[in-house]
Amino acid sequence: MRADDVAVVGGGLHAFGRHEGRTGLDMAEVAVRAALDDAGVRWADVDLAVGGSNVSGKPDSLVARLGLTGLPFTTVRNGCATGGVALATAVSALQSRRAELVVVLGFDAHERGAFAADPAAYGLGEWYASSGLMVTTQYFAMRTRRYQHEHGVSDLALARIASRAFRNGAAHPTAWRRTPWTEEEVLASAPVNDPLTTYMFCQPSQGAVALVLARGDRAADLCPRPVRLASVTQRTRRFGSFEVFSPGLAPDPWHSPSVDAAAAAFAEAGVAPADVQVAQVQDTDSGSELVHLAETGLCAHGAQEQLLADGATDVDGVLPVNTDGGCLANGEPVGASGLRQVHEVVRQLQGRAAGAQVPGGPRVGFTHVYGAPGISACAVLTADAP
């Protein structure tokens, strides 16, 4: 590993789910302390911290619990992309030599029920809420149905995504929804917005994740098998793309921010999507994973049908996806979700996954998050052979 590389040298996770009487900050503290222990360092050793939370408190207030060392602490809030943007911010600090050791963390403790959003916060009038498009389930269903029409993908493919997620979640000790559902049960669950059913959606949940990052010249001293962050990128939407809380829609062709962020991540890392051996893609619903698999370049548009039928995205397939169950099995504490992805891929590349381990010693991983009103962050992670 080169001196200027950035690597993950420690990680900690507070289980996702429902934790009555525990605040987001409580869970964040647990995750940070676990990450520090994993890296074998103290809070006093940390040069800088970056934290993200959507609704559950100011991350920088954690210094009152962890230690008043005076370190710089940046707070990030970018919807479902919060964790990815926080990671990119931390990496930039290390690459610019403003820090040698950084903690990046994300947390949230959402209440039961759907997310609520104010159109004014996204620069939209009340008319947009009245149209029904502030209801995210409706937006995702519209995007999914359009994609199915254009690329000939069946509802069964959506059920296969959800069923695989719940199988993976059932095998993972920190997942929330751990009941495995068959494809038939997923299709038969209560409809929400056609074509998406209840078991095709994730739910707001609670949890926290923290990572310790170090420059390459220190990484080997802190971790027996550090995982290199070969690239971390982020992009916003272009004109005409149809995104969450973004009312524009242009004639074909158009690019989502996921297309641009993934392409930039692979180019910067010097690897191709075909090199990925374990991946995490945003799956707030089955349709989102379906679309994101192609938008990130992991498969061709329309190829998902056969890919899923062949079991290629299973843990023992050629392209394991969301091996911890993703958002579908873990729910989505918004600030923590993107870092959960990275935490899982790091453990898979190190050969110490908490749930089902990808066989064959994977060495190249990929993560992707997507959030309103149209922002995506992607990362390519690599590990040396053991």
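Along the sequence shown, the residues carry numbers beginning at 1. Every heavy atom of this structure was used, including side-chain atoms; hydrogens, water molecules and symmetry mates were not.
For the side-chain contact (heavy atoms from CB on, under 4.5 Å) test, residues two or more places apart in sequence or in another chain that qualify with Val63 are Trp43, Leu68, Leu71, Phe73. For Asp5, the salt bridge (Lys or Arg N to Asp or Glu O under 4.0 Å) partners at least two apart in sequence or on another chain are Arg2, Arg228. When the salt bridge (Lys or Arg N to Asp or Glu O under 4.0 Å) test is applied to Glu150, the partners found at least two apart in sequence or on another chain are Arg146. Applying the salt bridge (Lys or Arg N to Asp or Glu O under 4.0 Å) rule to Asp45 yields the partners Arg42; only residues at least two apart in sequence or on another chain are considered.
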Next on the checklist: Before you tell me yes or no, could you show the steps for Arg160 and Asp310 under salt bridge (charged side-chain N to carboxylate O under 4.0 Å, His left out), namely the whole-Å CA-CA distance, both residues' side-chain angles and the distance that decides it to 0.1 Å?
Outcome noted: CA-CA 11 Å; Arg160 283 174 169 151; Asp310 292 343; over 6 Å; no
Checklist entry - Would Trp181 and Tyr199 count as a ring-ring contact (aromatic ring centres under 6.0 Å, His included) if you check the C-alpha gap in whole Å, the side-chain angles of each, and the deciding distance to 0.1 Å? => result CA-CA 8 Å; Trp181 299 107; Tyr199 291 165; 4.5 Å; yes
Checklist entry - Is there a side chain to side chain donor-acceptor pair (under 3.5 Å) between Arg77 and Asn54 once you walk through the steps? => result CA-CA 6 Å; Arg77 186 184 179 195; Asn54 199 51; 3.2 Å; yes
Item to check | Intermediate values then yes/no, side chain to side chain donor-acceptor pair (under 3.5 Å), Gln280 and Asp324 | outcome: CA-CA 9 Å; Gln280 287 268 349; Asp324 60 351; 2.9 Å; yes
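In terms of hydrophobic clustering, with Ile, Leu, Val, Met, Phe, Trp and Tyr side chains grouped at heavy-atom distances under 4.5 Å, Val85 and Phe245 are assigned to different clusters.
Counting only residues at least two apart or in different chains, ring-ring contact (aromatic ring centres under 6.0 Å, His included) contacts with residues 312-366 comprise Phe266-Phe366.
A perpendicular orientation is assigned to the rings of Tyr370 and Phe140, their planes being inclined by more than 60° (bins at 30° and 60°).
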Pairs under 3.5 angstrom only: tabulate donor-acceptor contacts from the side chains of residues 353-364 to other protein residues two or more places apart or in another chain.
| from | atom 1 | to | atom 2 | distance (Å) |
| --- | --- | --- | --- | --- |
| Gln357 | OE1 | Arg352 | N | 3.4 |
| Gln357 | OE1 | Ala353 | N | 3.0 |
| Gln357 | NE2 | Gln348 | O | 3.1 |
| Gln357 | NE2 | Gln348 | OE1 | 3.1 |
| Arg363 | NE | Ala383 | O | 3.3 |

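No side-chain donor-acceptor contact under 3.5 Å links Thr174 to the backbone of Ala15. Under a 3.5 Å cut-off, the side chain of Asp37 and the backbone N or O of Ala34 do not form any donor-acceptor pair. The main-chain N or O of Ala208 is never found under 3.5 Å from a side-chain atom of His14 such that the two would form a donor-acceptor pair. No donor-acceptor pair under 3.5 Å is formed between the side chain of Arg235 and the backbone N or O of Val259.
Remark: Cys223 SG to Arg218 CZ distance equals 13.0 Å, nearest 0.5 Å. A distance of 9.5 Å separates OG1 of Thr233 from CG of Asp260, quoted to the nearest 0.5 Å. Within the model, atoms CD1 of Ile375 and OG of Ser246 stand 11.0 Å from one another, a figure rounded to the nearest 0.5 Å.
A donor-acceptor contact closer than 3.5 angstrom links the side chains of Glu344 and His172. Gln148 and Asp155 are linked by a side-chain donor-acceptor pair at a separation below 3.5 angstrom, with hydrogens and angles left out of the test. Donor-acceptor pairing under 3.5 Å is lacking for the side chains of Ser288 and Gln282. Side chains of Thr137 and Asn193: a donor on one and an acceptor on the other come within 3.5 Å. A donor and an acceptor atom, one from each side chain of Ser189 and Thr197, are located under 3.5 Å apart. Counted by atom type alone, Ser258 and His368 present one or more donor-acceptor pairs between their side chains at under 3.5 Å. Using a 3.5 Å distance cut-off with no hydrogens or angles, the side chains of Ser205 and Gln203 do not pair a donor with an acceptor.
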